[in-house]
Amino acid sequence: MKHSFLDQYSQGNSLIHRLDPRTKLITTLFFILVVVLTPISRWQAFALYFVLVATLIIISRVPPLYVLRRSLAIIPFVVLIAIFIPFFKEGEVAGSYNIWMWQVTVTYSGLQVFLNILAKAWLSILSLILLTATTRFSHLLKGLEQLRLPRVMVMILSFMYRYIFVLVDEVMRMKQARDSRNLGGGRLRQLRTVGNMIGTLFIRSYERGERVYAAMMARGFDGQARTLEKPSFSQRDALFALTLGLVLILVVVANLWY
Amino acid sequence: MEEIIRVDNLSFGYPDGQPALSGVSLVVHRGETIALIGPNGAGKSTLLLHFNGILHSDGVVRVLGKAVNEKNLKWVRGKVGLVFQNPDDQLFSPTVFDDIAFGPLNMGYDEAQVREVVAKALGWVGMGGYEKRSPHHLSLGEKKRIAIATVLAMNPEVLVIDEPTSNLDPGSKWSLIELLKGLAITKVIASHDLELVQALCPRAIILDRGEVVADGATSQILADERLLAAHGLARNKPAG
């Protein structure tokens with residue numbers, strides 16, 4: 001089976017790659033917080049955020065096209081959530097349409113809010129892609145753990161990372177088995193097959209879960225998760241966090257000032 | 001000889017009412033390598049799960065003379081190392097290091113000890129330098145070796161392995177057999193790979209429909225064509 005990588009470019013060796021995962025986690029969260037809390041009208045600030053992320057992406061030597069492609073995945077979700085805002089927000093009317101029985105109006109302020117949500121989501125996802133593309137997933141988990149995220153949640157994430165490809169492989173095998181016997185048939189029948197496959201997959205995953213738990217117990221697992229702590233906070237981390245933090249704080253202050 | 005595992009008259013049925021084991025008795029002595037053979041669904045895996053208390057049966061299984069019960073489960077699991085058939089179940093951590101360290105950490109080793117024992121265990125299975133790798137990206141043969149290392153790292157008294165060579169190509173299979181041969185530890189190997197049994201195990205136990213039907217020298221058991229055929233371990237020749 002084809003082996004996929006969630007953290008494809010994480011083996012690189014740039015300044016960003018070498019940072020401690022905790023530094024990256026905290027600065028990323030801080031960045032997202034600042035982006036989200038920026039008032040709508042400050043388009044200059046958003047331009048600045050974009051320049052900031054773009055610079056970091058270039059420093060990290062992760063292919064920009066790859067980042068761009070992955071970032072587009074967020075658009076449908078945002079659109080789904082925010083699509084109605086331009087129609088319901090009150091204000092100066094940008095356009096009015098008659099669709100069958102309804103009178104639909106779009107307002108300028110509504111459009112502005114919509115675009116703003118899109119921009120914020122996109123900037124946030126860019127920074128998150130940068131984080132996951134430059135950090136190995138196992139290091140990311142270590143970082144979360146050292147930042148005192150509850151161990152159970154870290155374990156769930158680590159199981160997800162370990163088994164998602166096992167599941168994907170299983171789905172691919174099931175699809176191949178289905179296709180090699182599928183001699184046409186109506187849409188409805190195909191849909192039923194898909195339903196059966198999902199059910200089978202669920203049962204298999206459930207049973208695998210039981211076997212994994214047995215394997216954990218066989219090695220002395222008693223419900224308490226233990227790990228080796230290995231802090232490696234360096235000067236570089238402090239410098240990076242400080243610089244980025246200062247830039248962001250300056251932007252926030254500038255926003256409040258003007 | 002010292003008894004490592006003793007099972008007295010063990011019967012077990014799954015919650016759905018399906019009987020899996022009935023009246024199984026056997027003794028594993030220190031230094032032995034025993035093959036547990038039998039057809040599919042004979043109860044081999046179920047029996048192995050009793051050896052370190054994953055499945056319970058108070059007082060019927062004794063490890064190093066002590067009856068296995070709720071209170072000494074942790075001790076038992078340190079003494080009886082169980083390697084599961086599917087390494088994708090056995091290896092559940094993001095990296096090989098984390099997986100091998102899992103057992104020793106649960107046993108309460110400190111950091112230096114854990115690092116030492118992980119390096120040692122990888123060396124024993126010939127996989128030194130694989131610490132940072134992700135189990136998902138290993139070949140099946142490599143996964144099987146790592147799975148054995150995860151258990152060896154706990155320094156058990158007996159290694160219990162379920163189907164070590166299933167799905168392996170002949171090359172990987174024989175190198176795994178050589179590896180197991182080189183490990184100086186008491187071993188119980190469940191398998192229906194008779195080549196492996198012949199190469200590795202002086203003693204064999206046949207399990208069929210949850211019962212022990214033969215227990216003796218491998219050379220004698222494998223020579224008894226009729227016995228093997230009766231229990232799904234050889235081709236059923238038509239009479240005459």
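None of these values were measured; they are calculated from a predicted model. All values below were derived from every heavy atom in this structure, side-chain atoms included, with hydrogens, water molecules and symmetry-related copies excluded. Letters A, B, ... are given to chains in the order of the sequence lines, protein chains preceding strands, and every chain is numbered from 1.
At a cut-off of 3.5 Å, with distance as the only test, a side-chain donor of Arg145(B) or Ser175(B) sits close to an acceptor on the other residue. Side-chain contact check for Ser158(A) and Lys142(A): no donor-acceptor pair (N or O, by modelled atom type) lies under 3.5 Å. A side-chain donor from one of Asp98(B) and Thr95(B) sits under 3.5 Å from a side-chain acceptor of the other.
Note on ring orientation: taking the six-membered ring where Trp is involved, the planes of Tyr161(A) and Phe137(A) are parallel (angle under 30°, cut-offs 30° and 60°).
If you measure heavy-atom distances from Tyr163(A) to chain B, the contacts under 4.5 Å come from the side chain alone. Contact of Tyr109(B) with chain A is not made at all, since no heavy-atom distance falls under 4.5 Å. Heavy-atom distances place both the backbone and the side chain of Phe92(B) under 4.5 Å from chain A. Interface remark: Asp88(B) contributes backbone and side-chain atoms alike to the contact with chain A (heavy atom separation under 4.5 Å). At a 4.5 Å heavy-atom cutoff, the contact between Leu91(B) and chain A is made by backbone and side-chain atoms alike. For Asp99(B), the parts lying near chain A are the backbone and the side chain together; criterion is any non-hydrogen pair under 4.5 Å.
Looking at every heavy atom in both residues, Arg77(B) comes nearest to Ala218(A) through CB-O, 3.7 Å.
Under the side-chain contact (heavy atoms from CB on, under 4.5 Å) criterion, Pro63(A) pairs with Tyr9(A), Tyr66(A), sequence neighbours left out. A search for side-chain contact (heavy atoms from CB on, under 4.5 Å) contacts involving Thr134(A) returns Ile16(A), His17(A), Lys24(A), Ser60(A), Val62(A), Leu130(A), not counting sequence neighbours.
A donor-acceptor pair under 3.5 Å links the side-chain atoms of Asn69(B) to the main chain of Asn72(B), judged by distance alone. At least one donor-acceptor pair closer than 3.5 Å links the side chain of Thr132(A) to the backbone N or O of Ile129(A). Under a 3.5 Å cut-off, the side chain of Lys173(B) and the backbone N or O of Leu168(B) do not form any donor-acceptor pair.
For the atom pair CZ of Arg151(A) and CG of Leu144(A), the computed distance is 11.0 Å after rounding to the nearest 0.5 Å. For the atom pair His139(A) NE2 and Gln146(A) CD, the distance stands at 10.5 Å (nearest 0.5 Å).
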Legend entry - Audit row: Asp20(A), Thr23(A), side-chain hydrogen bond (donor to acceptor under 3.5 Å, both in side chains) steps and yes/no: CA-CA 5 Å; Asp20(A) 188 286; Thr23(A) 314; 4.5 Å; no
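Applying a 4.5 Å heavy-atom cutoff, none of the residues of residues 32-51 of chain B approach chain A. Close approach to chain A, defined as a heavy atom under 4.5 Å from one of its heavy atoms, is seen in Thr150(B), Met154(B) of residues 148-161 of chain B, taken by number.
Across Gly53(B), Ala101(B), Ser93(B), the residue that shares the most heavy-atom pairs under 4.5 angstrom with chain A is Ser93(B). Interface remark: of the candidates Ala147(B), Pro135(B), Gly78(B), Pro135(B) forms the most heavy-atom pairs closer than 4.5 Å to chain A.
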